[in-house]
Student: 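Have a look at this one before I ask anything.
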Amino acid sequence: MVTESKPKGQNITSADTPTAVITGGSRGIGAAFIRRLREKGYRIIVLSRSKGTCPEDDARVLWIPVDLSNGEDLSKAVKCLITETTRIDLLIFNAGVQEQFDFMEQEVHQRQQRIERELAINLTSVLVMTAELMPLVRQSASPAIIYLVSGTGYVPKLRSMAYSVSKSAIGFLARAVHRAAPDVSVIELIPPVTRTGMNAGRPGELAKPAEVVDEFFYRCRKLIYSQTQKEVRYREGSYNRIWIGKMKAFNILRIFKPDTAFRIVNKA
Ligand SMILES: NC(=O)c1ccc[n+]([C@@H]2O[C@H](COP(=O)([O-])OP(=O)(O)OC[C@H]3O[C@@H](n4cnc5c(N)ncnc54)[C@H](OP(=O)(O)O)[C@@H]3O)[C@@H](O)[C@H]2O)c1
């Protein structure tokens, strides 16, 4: 899916402009991230299959089309990315999919293919890109990597086991990256159930993507670049796990009342 054509819009930024790379910025939480990153003055490189709501008229936003479930496509996208930037200040692993089927159910249509695809997007691509993009991340004076995790990475959701397993593994990866690259700030971001395509048709009042991202930036205000700060400031080498909205209470619940947390996650 990666095209050879050079997307428009490079070279309008200075060497001082911080560069963010985000997977899955075409909609949902990723699109909300892009809106805030633009306000903060970042140059943004987006990796997703569709362009979605990525702005057409902002030369600071570059979209690289890629299907992260496809290894060949992923390699091409990484190569393309490396030609587009010499430095990554903020790397956000946001793309994700969640399949819904009971993992103990015997009659599941294309079980293996579905599990493999989900793990390829949610986990394999993140492992590969973390390793391959690390040299660019290390070019930044104060680099940060954000991993989108989930409450179901801490409390298993039986109807989305591959998703749960992938998110649990991403949390583990985040802690490993913190050890392996102590000069890089690592942030594990745990949003509440949010009104995005991932929860299409789910009833009830859910968090909005913009609320998730706004709370995230507020909580990271000492860590994340802001145009008014004149320079990129991350707390060097820190590791932060940021539970958003209702997830703060969920975090306490899962430690002290694990059975209740399990029932909540698996009630729907
Ligand atoms: N929504 C929630 O309640 C919630 C809660 C906790 C954690 N999270 C996490 O937050 C992150 C964002 O979720 P969201 O709710 O914003 O999901 P979403 O609205 O469904 O968006 C998913 C994003 O991932 C991209 N994506 C999906 N498959 C892809 C593929 N094969 N290749 C490349 N990109 C792909 C999509 O872009 P294209 O379709 O254009 O490729 C889209 O931009 C995920 O990691 C999710 O696990 C979400």
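Order of listing sets the numbers, starting from 1, for every ligand and every atom in it.
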Student: State whether the number of non-hydrogen atoms from other residues, nucleotides or ligands found under 6.0 Å of K248 atom NZ is greater than 12.
Tutor: yes
Student: Should the proximity of P192 to ligand 1, defined as any heavy atom under 4.0 Å, be assigned to the side chain, the backbone, both, or neither?
Tutor: backbone
Student: Among L74, V78, L119, exactly one meets side chain to side chain contact (heavy atoms under 4.5 Å, CB included) together with S125. Which residue is that?
Tutor: L74
Student: Would you call K51-E56 a salt bridge at under 4.0 Å N-O?
Tutor: yes
Student: Check whether D89 reaches the backbone of T19 with its side chain - one donor and one acceptor, N or O, closer than 3.5 Å.
Tutor: yes
Student: Which ligand 1 atoms, with their elements, are less than 4.0 angstrom from a heavy-atom of G25?
Tutor: 43 (O)
Student: Going by heavy-atom distance to atom 44 (C) of ligand 1, choose the closest among N94, L148, I29.
Tutor: N94
Student: Please could you name the atoms of ligand 1 that D67 approaches to less than 4.0 Å, counting only its heavy atoms?
Tutor: 30 (C), 31 (N), 32 (N)
Student: Going by atom types alone, do Q100 and Y163 pair a side-chain donor with an acceptor below 3.5 Å?
Tutor: no
Student: If you measure from atom 22 (C) of ligand 1 to every heavy atom of G96, G24, C54, which option wins on shortest distance?
Tutor: G96
Student: Show which atoms of ligand 1 fall inside a sub-4.0 Å distance from at least one heavy-atom site of V97.
Tutor: 27 (C), 28 (N)
Student: Quick one: look at Y163 and ligand 1, take heavy-atom pairs under 4.0 Å, and tell me if it's side chain, backbone, both or neither.
Tutor: side chain
